[in-house]
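Excluded from the calculations below are hydrogen atoms, water molecules and symmetry mates; all remaining heavy atoms, backbone and side chain alike, are included.
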Amino acid sequence: MRKLMTEKGEPTMEPMLHHRWDLSEEEAMQTQQTLGKTVIKEDQFTTIRYIAGVDVAYAKESDALIAAIVILDAHSLNVVESVVVKDTVHFPYIPGLFSFRELPPIIMAFKQVTTSPDLVVCDGQGIAHPRRFGLASHLGVLFDIPTIGCGKTRLLGEYTEPDQIRGAVSPLIDQDEVVGGVLRTQANTKPIYVSVGHRISLQTACDWIIKLSPNYRLPETTRLADQLVNQTIRQPSE
DNA sequence: GCGACAG
DNA sequence: ATCTTGTCGC
């Protein structure tokens, strides 16, 4: 007989693929070009029971990066697990090479997670990227897991403003290619930029983001992870 | 050369 | 992303 649930204290999330992180800008770009060829832009999963939300913030006071992962039950959206870790900065922020700065702490945090998510919603772009390999795609390929790129602002691409109603979406285009969707998660609020991370289609990605954003502009995954990261940086001062 | 530029 | 005050829009 086997257990139905993962037992606490038994980490299960490990990258399937590894590569160095102390790279030069040129090497980092080369890595993106190589790994970018392995991104899958179609649905490739069965049941999605748990969804992970990931967010990283820079704590100026300690010059460190704080990464938080929140695991939600895909049906109820209740939090089932959450993890926070602190790490040093290994790479500067360079538009287009964002993942080389934020993935190290994120990978470190995933090693503490005991509930394996079936989908990860990232705070950053997927293939809506110069080399079609943004943070969401990078994370998806390394862990070989479905991921969605969800940015609050645009990295690249042109589009026409989607209608002001919840669910409206317009294609995000770069070099005559649809690289994502500009999605209105809440009526009369700024849209968010959704793109394929790995092993999911743009349509399915948008459907999930809408389901995850019943009351706010940002999906609950991102909102909760962001909240956790901020309460960690802002230690109790009362 | 100039502007743009996920977090 | 972080740091900040006033200001604009619904």
Should [X] be listed as having a side-chain N or O under 4.0 Å from OP1 or OP2 of [N]?
| X | N | result |
| --- | --- | --- |
| R154(A) | dC5(B) | yes |
| T153(A) | dG7(B) | yes |
| Y193(A) | dA6(B) | no |

Expressed in angstrom and rounded to an integer, what is the separation of [X] atom [atom1] from [N] atom [atom2]?
| X | N | atom1 | atom2 | answer |
| --- | --- | --- | --- | --- |
| E102(A) | dA1(C) | CD | P | 9 Å |
| D174(A) | dC5(B) | CG | P | 13 Å |
| R101(A) | dG7(B) | CZ | P | 13 Å |
| D63(A) | dC3(C) | CG | P | 13 Å |
| E61(A) | dT2(C) | CD | P | 12 Å |
| K60(A) | dA1(C) | NZ | P | 15 Å |
| F91(A) | dG7(B) | CZ | C1' | 14 Å |
| L155(A) | dA1(C) | CG | C1' | 15 Å |

[X] near the nucleic acid: base, sugar-phosphate alone, or nothing, with a heavy-atom cut-off under 4.0 Å?
| X | answer |
| --- | --- |
| G96(A) | base |
| G151(A) | sugar-phosphate |
| L103(A) | nothing |

Nearest to the A57(A) side chain among dT2(C), dC3(C), dC5(B), which nucleotide is it?
dT2(C)

Is there a stack between Y58(A) and dG7(B), judged by ring centres under 5.5 Å and planes under 30°?
no

Stepwise salt bridge (charged side-chain N to carboxylate O under 4.0 Å, His left out) check, R154(A) with D174(A):
CA-CA 12 Å; R154(A) 179 195 73 102; D174(A) 179 53; over 6 Å; no

If you assign D226(A) and N188(A) each to the DNA chain C nucleotide with the nearest heavy atom, which residue ends up on the more 5' nucleotide?
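Between the two, 5'-proximity favours D226(A).
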
Within a 6.0 Å radius of atom NE2 on H19(A), are there more than 12 heavy atoms belonging to other residues, nucleotides or ligands?
yes

Parallel, tilted or perpendicular for Y159(A) and Y193(A), by the 30°/60° rule?
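Rings of Y159(A) and Y193(A): perpendicular, over 60°.
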
F100(A) and H138(A): aromatic ring centres closer than 6.0 Å?
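So the answer is yes for these two rings.
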
Please lay out, stage by stage, how D43(A) and S201(A) fare under the test side chain to side chain donor-acceptor pair (under 3.5 Å).
CA-CA 5 Å; D43(A) 293 323; S201(A) 66; 3.3 Å; yes

